Amino acid sequence: MTTTIFSAKRIITMNPSRPFATHVAVRDGRVLSVGTLKEVSAWGDANVDDRFSDQVVMPGLIEGHSHLVEGALWDHTYVGYYDRTAPDGRVWPGLKSVDAVVERLQEASAAQDDPDAALIGWGFDPIFFGEQRMHARDLDRVSNGRCIGVFHASLHFLNVNSAVIEDSDLAASTDMQEVMTDARGAPTGELAGMVGMYLAMKSLKFDLGSQATHPPALWNFAKVCQLAGVTTATDLHSPLDDEMVGRLTGETDKADFPLRIVSAFGGTLMPADKGTARIGSLVSKSTDKHKMGIVKLVLDGSIQGFTARLKWPGHFNGAPNGLWYIAPDEFKKTVLAYNAAGHQLHIHTNGDEATELALDAIEEALATNPHPDHRHTLQHCQMASDAQFRRMAAMGVGVNLFSNHVYYWGDQHYELTLGPDRAHRIDNAGSAVEHGVDLALHSDAPITAIGPLFTAWCAVNRVTSTGKHLGGDAERLTVEEALHTITMGGAISLKLDHEIGSIEVGKLADFAVLNEDPFEVDPMALKDVDVWGTVVGGEVFEAPQV
Amino acid sequence: MSDRSVIPVSVVGGFLGAGKTTLLNRLLQENEGRRLGVIVNDFGDINIDENLIVTRDEDMVSLANGCICCSIGNDFLRALISLVTRPDPPEHIVIEASGVADPLRIAAIARADKALRLQGIFVLVDATQYQTQAADPLLVDTVRAQVGAADLLLLTKTDIAKDDQTQAVGELLERERPGVLRIETTTTDVPVSLLFGFSADLRTPSTTPHDPHALFWTGSIACDKACDVEQLTAVLEDCAGLLRCKGIVRSAGGGGQIVQWTAGRLELSSLEVAPAEAALVYIGVGAAPAGFERSIQQCFE
Ligand SMILES: [Zn+2]
């Protein structure tokens with residue numbers, strides 16, 4: 001029974017009774033004591049580890065809404081507009097033109113030995129390229145013969161080269177909304193929705209979902225998290241079949257696996273009677289580093305994809321209302337069933353109409369089967385009104401807001417999807433705090449990059465990518481509130497606040513180790529705070545030096 | 001690519017409770033020797049005769065009659081691709097759209113793949129519920145989109161609907177989709193093999209207990225003269241209520257054409273050698289339109 005005492009320049013504990021300290025003693029993977037060297041030494045013999053003496057230690061950061069496919073994507077070529085850090089620590093610079101995308105794909109193609117294997121790019125984001133769209137001709141410059149597909153950041157659009165077009169019937173199907181055409185009416189290779197996904201799976205042999213739980217993808221995911229100071233991350237919609245659970249348990253169990261994963265079961269992948277039985281049988285298979293028990297339901301689509309369910313007055317540009325992913329009545333029955341069985345629900349609602357329906361369903365379910373501390377949580381919930389927050393507070397429903405939207409899509413919401421009024425209140429974390437609703441913040445990786453400090457920065461500054469400020473001061477979080485949401489907030493929403501989220505006696509020794517003090521930097525520099533690495537269950541994981 | 005390797009795909013849409021599952025159950029039983037691949041939302045509702053099951057795993061059941069039934073499981077696209085890329089792909093694929101899906105978006109997949117051909121979009125409308133659904137602000141756009149996608153509308157549960165209900169829904173649908181084929185029926189009554197185009201003989205849909213003449217009109221023409229296919233196309237397109245037309249005709253320059261018309265979609269495939277026998281058979285909903293036979297005959301002058 002060895003005890004290690006880590007000393008640090010400063011320890012931010014998130015424990016209000018001892019907010020700051022200089023030393024933390026760790027025994028059996030848990031925090032034994034936090035305080036001064038003298039205080040934590042009182043527990044007996046210990047090795048003092050001074051390697052963090054120039055660093056600031058805070059509770060391991062928690063990503064409460066991400067997806068393991070982030071890890072699978074890193075086996076392919078990143079071609080996004082923003083810089084993104086790969087699992088090996090290398091920063092891939094953002095690409096600002098179609099030519100730059102083509103160039104990176106050319107390099108990837110040259111490095112790919114099998115001349116027949118498909119080439120996949122991901123993260124593409126032409127939003128700032130003005131009128132210019134990518135054309136199959138552009139991708140034909142990468143390689144002729146090889147099938148090529150480039151996924152947009154949303155994963156909802158795909159650009160393909162001529163090889164894929166010729167392999168398909170797209171040329172004869174240009175009247176479909178899924179197939180973008182050029183001035184001459186020929187397909188450009190840009191595809192939307194399931195048509196793109198289908199051809200990616202069939203012609204490009206690309207199956208993200210099944211790759212996501214394979215060991216290389218799991219390790220990629222864990223390392224991306226480690227580099228961002230994250231010690232617990234979620235896979236917030238999973239079939240969790242036996243094979244997947246086996247792989248997840250097997251990999252996460254390894255002592256050098258640097259992450260705890262919380263998997264949420266996709267509650268509509270089977271009828272609720274079978275689903276409740278399935279998730280019930282999984283809970284006991286949770287391990288130290290792989291937790292199950294949460295059920296995820298998806299009610300509508302996305303705001304930027306015009307598929308969210310909006311209340312009046314609907315989309316700013318007049319686009320029709322979005323889609324239900326499950327029929328409203330079916331949804332209510334599903335909520336009722338999982339709530340009755342005692343499972344915590346995380347419900348994806350983007351539009352305010354979806355949020356309203358989710359609250360109605362929870363209210364009815366709780367009236368039928370009251371559950372103290374159910375902790376049902378709305379995920380995204382980007383358009384919540386004060387009235388809706390008030391209902392959440394009254395019912396004990398939490399929220400996990402998609403604050404990264406403010407930066408990445410804030411301008412688009414202002415100009416196109418929602419208009420000024422509702423763009424200003426998008427992901428209104430200030431209101432959530434004001435109403436006393438349990439609050440977490442997320443990246444929805446791979447939609448945006450995992451980086452809770454960046455997410456916190458979004459909530460603190462509420463600035464869009466073109467520099468517009470949304471929502472005034474009332475919706476901003478203080479740095480302290482923001483740091484609370486990416487630690488304790490995440491832990492509370494996952495019902496793991498007894499184990500993680502703060503550095504205090506009895507909790508798991510999960511830390512984010514930072515090279516700068518987030519309280520000392522300018523709030524506008526919060527996203528740039530350098531991460532040294534993490535500690536998970538007392539094991540130290542230094543980020544690779546690139 | 002020869003037309004034989006192209007798999008026809010039918011999409012069955014409609015809101016929850018409209019009777020899609022009953023229809024699919026019947027399809028699996030009344031397959032008339034065709035090896036069907038049927039993709040359903042959930043096995044739970046499909047009552048497959050246990051004696052018919054050859055193999056079964058979590059997401060796929062193979063039946064003694066050659067049909068394969070897949071549940072969407074985790075992933076609809078994966079289920080579809082596994083059917084299409086099998087060494088022994090089905091002769092016809094039928095996809096059940098989810099109760100909230102827009103069938104047009106699913107049909108788009110069939111149109112995007114050379115290996116597939118969209119045979120038709122069949123949308124079931126519950127005669128007892130449609131008025132309520134169309135008046136519900138949360139549902140109206142979903143059910144309208146489904147009706148909007150249909151090549152053929154099946155108004156179901158007319159046996160339990162009140163008379164004025166069926167009529168009112170019929171009128172509503174006529175306003176939303178004027179001229180689109182519509183059959184008022186019950187789910188146990190629809191001659192499925194005929195609708196989905198795999199009945200051997202259009203004139204005698206023998207396996208349906210229902211008397212087809214009550215709902216349908218039928219006819220045929222045998223003609224050795226060359227057929228003006230453009231004119232034929234125009235006649236078929238003009239004919240209100242025409243459900244199916246199929247057969248082989250001779251071409252003016254020698255050779256022939258296989259003609260397949262299903263619920264508003266015409267498929268032509270060329271034959272190099274003139275057929276020994278040339279004939280067309282057709283079937284429509286309701287009463288035969290006046291002058292149709294004569295118009296068809298004129299295509300062979
Ligand atoms: Zn998500």
Side-chain angles (χ1 to χ4, degrees), chain A residues 164-179 187 191-203 205 207-210 237-242 244 266 268-271 273-274 300 309 311-312 320-331 353-354 356-357 360, chain B residues 1 6 9 14-18 41-45 57-59 71-85 95 97-118 129 132-133 136-146 148-149:
Chain A
V164 179
I165 295 178
E166 279 153 27
D167 196 38
S168 73
D169 222 1
L170 295 173
S173 306
T174 50
D175 58 324
M176 308 194 302
Q177 70 183 46
E178 284 88 351
V179 181
L191 306 170
M194 285 203 293
V195 167
M197 274 314 222
Y198 176 81
L199 291 177
M201 275 172 99
K202 187 153 180 269
S203 302
K205 313 267 182 295
D207 186 348
L208 256 191
S210 74
H237 191 275
S238 174
L240 286 176
D241 59 41
D242 291 343
M244 281 183 172
T268 49
L269 293 174
M270 49 182 81
D273 57 334
K274 289 194 196 124
D300 66 344
R309 289 294 309 196
K311 290 172 74 162
W312 190 87
N321 205 349
L323 307 173
W324 297 115
Y325 280 29
I326 172 173
D329 267 4
E330 263 318 279
F331 171 74
E353 188 177 62
E356 192 80 18
L357 178 65
D360 290 348
Chain B
M1 190 186 287
V6 176
V9 175
F15 202 71
L16 299 163
N41 286 311
D42 175 37
F43 277 155
D45 308 321
D57 69 26
E58 210 179 324
D59 291 329
S71 88
I72 286 176
N74 309 334
D75 197 322
F76 158 64
L77 293 179
R78 207 175 295 153
L80 177 58
I81 288 168
S82 76
L83 274 185
V84 178
T85 56
I95 301 171
S98 91
V100 285
D102 179 348
L104 212 49
R105 306 278 68 84
I106 291 164
I109 297 167
R111 293 187 53 201
D113 188 350
K114 267 184 187 158
L116 305 175
R117 169 173 72 81
L118 179 63
Q129 293 299 319
T132 317
Q133 290 160 354
D136 184 337
L138 295 188
L139 296 184
V140 57
D141 44 0
T142 304
V143 295
R144 282 253 172 88
Q146 292 173 344

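All values reported here derive from a predicted model rather than from experimental measurement. Here is the naming used below: chain letters follow the sequence lines, and residue numbers restart at 1 for every chain.
- Heavy atoms only, all atoms of each residue included: A:P328 and B:L139 are closest at CD-CD2, 3.6 Å.
- Looking at A:M194, the atoms closer than 4.5 Å to chain B (heavy atoms on both sides) sit in the backbone and in the side chain alike.
- From B:I81, atom CD1 reaches atom NZ of A:K205 across 9.0 Å, with rounding to the nearest 0.5 Å.
- Interface residue B:D141: only side-chain heavy atoms are found under 4.5 Å from chain A.
- For A:D207, the salt bridge (charged side-chain N to carboxylate O under 4.0 Å, His left out) partners at least two apart in sequence or on another chain are B:R78.
- With a 4.5 angstrom heavy-atom cutoff, A:E166 touches chain B only via backbone atoms.
- Proximity to chain B (any heavy atom under 4.5 Å) is shown, for A:S210, by both the backbone and the side chain.
- Per-residue heavy-atom pair counts under 4.5 Å with chain A were compared for B:D136, B:L80, B:I106, B:V100, and the maximum is reached by B:V100.
- The two atoms that bring B:T85 and A:K202 nearest to each other are CG2-CE, 4.0 Å, heavy atoms only.
- With a 4.5 Å cut-off on non-hydrogen atoms, A:A172 touches chain B through its backbone but not through its side chain.
- Between B:L77 and A:Y198 the shortest heavy-atom distance is CD1-N, 3.8 Å.
- With a 4.5 Å cut-off on non-hydrogen atoms, A:E353 touches chain B through its side chain but not through its backbone.
- For the atom pair CD1 (B:I72) and CG (A:L269), the distance works out to 10.5 Å, reported to the nearest 0.5 Å.
- To the nearest 0.5 Å, atom CG of residue B:D113 and atom CG of residue A:L170 are 9.0 Å apart.
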Apply side-chain contact (heavy atoms from CB on, under 4.5 Å) to A:D175 and B:R111, showing your working.
CA-CA 10 Å; A:D175 58 324; B:R111 293 187 53 201; 2.5 Å; yes
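- Between A:L199 and B:A112 the shortest heavy-atom distance is CD2-O, 4.3 Å.
- When heavy atoms are compared at a cutoff of 4.5 Å, A:L191 does not approach chain B at all.
- A search for salt bridge (charged side-chain N to carboxylate O under 4.0 Å, His left out) contacts involving B:D102 returns B:R105, not counting sequence neighbours.
- A distance of 6.5 Å separates CG in A:L357 from CG in B:L138, rounded to the nearest 0.5 Å.
- For B:I109, the parts sitting under 4.5 Å from any heavy atom of chain A are the backbone and the side chain alike.
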